[in-house]
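Structure first, commentary second.
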Amino acid sequence: MILNFGLVIYSTNMWGSAGKGAISIVIANLTIISFFANIFVGSSMTYFASKYKTEEILLFAYLWSIIIGVLISITFSFNHALKYSNYLIALSVLSSLLAANINLFVGQQNIKMFNLYTVLQQIIHIIFIIIIVYIIKITSVESYFIAQISCFTVLFLISIFQVLKYCDFKNISFSKAICGKLFDYGWKTQLSAFLQFLNNRVSFYFLEYFKGIVSVGVFSVGIAFSEAIWTVSRSLSIVLYADVVNNKNSNEAIEKTKVSLRISFLITLLFIMVMLLIPAEVYSMIFGKDFNQTKEIVLLLSPGILAIAISNIIGYYFAGINKLRILNIKAIISLIFTIISSFFIIPKWGIRGACVIASISYCLSSALLFWRFYQITDFHFQDFFLSKKEFNLLLRKVIKR
């Protein structure tokens, strides 16, 4: 999270709001492509890692990464991102190949390796930016993408060595049955994730159309804060998901979900309070004069940030028990709300309107997940808070470490 903030601060000061807007659009396109790639390389890799041998599922993920990375990136090259289309193709393929290996580690409950690669993606990206900008002297926005491509290449080569050294190449197969199961689970989970992403990012495209690329850059900093805060929730969700798909005790899975809910709620609330206590002038000093609205953006987004941080936990629980219908329903409803309201509100209110729409949409989708979770479990308001026994246990673990 800290490293991600560092990248945001550097990019805003180095390339300004227009450069940050260009980076945000390309990364948004990359994320859209990744949802198609993740049909095989995402949660399906995690879900089936304990059910099939690595050799039986990995090649499907690699081939799918290359095909989707090239074809969909070319489709995006017909729009405003033509200038960066070559970078987008390379980023799409390499990030998907790396994601296949990382999600395999999660499915094997090797969370330490997942954490390591998550941090290294930020560290190595920063190192390559320093080399390219200050040693090679490429100072344009393209240096950001060149550094990211270099980072993904290095990490994929390292991770593929770790994966393949435990594989028995005699077991490699292209089973149609396994392929069908990977696709069936993958497209269902990715449909929900893709719709939720569109809900999170569609404002970028409305803002660019109605208010210009500069407004996208300013708004994207507030969104970056949101996603940085969600790091805690997503980290807890990954651990919970890996446990649920490997755990046959449903009651134990529910109790672990409740504990994760409490931790996510309290830590996210703490982060939001700290961010709101920071004076607006500090944000302008850190990110540059173009970003004097950052505190206001964070304030308007904060209810939705808290809602999503909690509902992420429930969403991964439903994915872990293969109950995907509610995830798709909540994503569709919130996306419809976002698209319809954006047509009327963003042209009039601009960035403020985009913030209000996002926050309401986040709360709406989260409420639907809570409603469903409440139906199938014994859930109470006090489940948001740690009991005295749990607090003392957590305190002892922290002190021990």
Side-chain angles (χ1 to χ4, degrees), residues 31 34-35 38-39 41-47 99 103 106-107 111 114 118 184-202 223 226-247 250 252-269 301 303-338 358-377 379 383-384:
T31 308
S34 74
F35 285 114
N38 281 348
I39 291 174
V41 309
S43 55
S44 55
M45 284 293 290
T46 301
Y47 187 78
N103 286 315
V106 176
I111 302 300
F114 169 81
T118 300
D184 183 65
Y185 183 85
W187 82 261
K188 289 177 182 177
T189 55
Q190 288 310 303
L191 175 61
S192 169
F194 178 63
L195 291 172
Q196 187 62 50
F197 168 78
L198 286 181
N199 184 42
N200 296 351
R201 285 293 187 273
V202 73
I223 294 295
S226 305
E227 296 183 346
I229 294 174
W230 289 337
T231 300
V232 175
S233 172
R234 287 170 176 167
S235 299
L236 288 167
S237 299
I238 290 293
V239 176
L240 175 68
Y241 181 64
D243 186 75
V244 170
V245 298
N246 287 280
N247 194 338
S250 59
E252 185 179 338
I254 290 173
E255 288 306 311
K256 289 186 177 181
T257 302
K258 290 182 178 181
V259 172
S260 297
L261 275 172
R262 297 167 197 170
I263 297 173
S264 181
F265 171 76
L266 294 172
I267 295 179
T268 302
L269 184 62
L301 287 173
I305 293 173
L306 183 60
I308 290 293
I310 303 168
S311 66
N312 275 341
I313 304 293
I314 301 175
Y316 272 85
Y317 166 76
F318 283 125
I321 62 174
N322 204 6
K323 300 290 185 181
L324 307 175
R325 187 168 177 266
I326 184 61
L327 301 181
N328 293 326
I329 291 173
K330 64 93 178 175
I332 291 171
I333 291 174
S334 58
L335 178 60
I336 291 172
F337 167 80
T338 299
S359 197
I360 295 174
S361 177
Y362 294 164
C363 291
L364 177 62
S365 63
S366 300
L368 289 170
L369 277 185
F370 273 112
W371 169 75
R372 182 56 182 154
F373 189 70
Y374 183 81
Q375 282 187 320
I376 64 174
T377 64
F379 183 77
D383 286 327
F384 283 118

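Sequential numbering from 1 along the given sequence is applied to the chain's residues.
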Straight-line distance of [X] [atom1] to [Y] [atom2], nearest 0.5 Å:
X    : Y    : atom1 : atom2 : value
L236 : Y316 : CG    : OH    : 11.5 Å
F318 : N328 : CZ    : CG    : 12.5 Å
Y185 : T46  : OH    : OG1   : 8.5 Å
L369 : I314 : CG    : CD1   : 6.0 Å
L301 : L306 : CG    : CG    : 12.5 Å
I333 : L335 : CD1   : CG    : 11.0 Å

Mind telling me whether Y362 and W230 have parallel, tilted or perpendicular rings, with 30° and 60° as the class edges?
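Rings of W230 and Y362: perpendicular, over 60°.
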Flag side-chain contact, heavy atom, 4.5 Å: [X] against [Y]:
X    : Y    : answer
T338 : I360 : no
S233 : I310 : no
S365 : I308 : yes
L261 : Y317 : no

Please check this pair: side chain of [X] against backbone of [Y], looking for a donor-acceptor N/O pair closer than 3.5 Å.
X    : Y    : value
N312 : R234 : no
S34  : T31  : yes
S311 : S366 : no

Can you name the closest pair of heavy atoms from [X] and [Y] and give their distance?
X    : Y    : result
S44  : I39  : OG-O, 2.8 Å
I313 : T257 : CG2-O, 3.7 Å
K330 : L368 : CA-CD1, 3.6 Å
S264 : A309 : OG-O, 2.8 Å

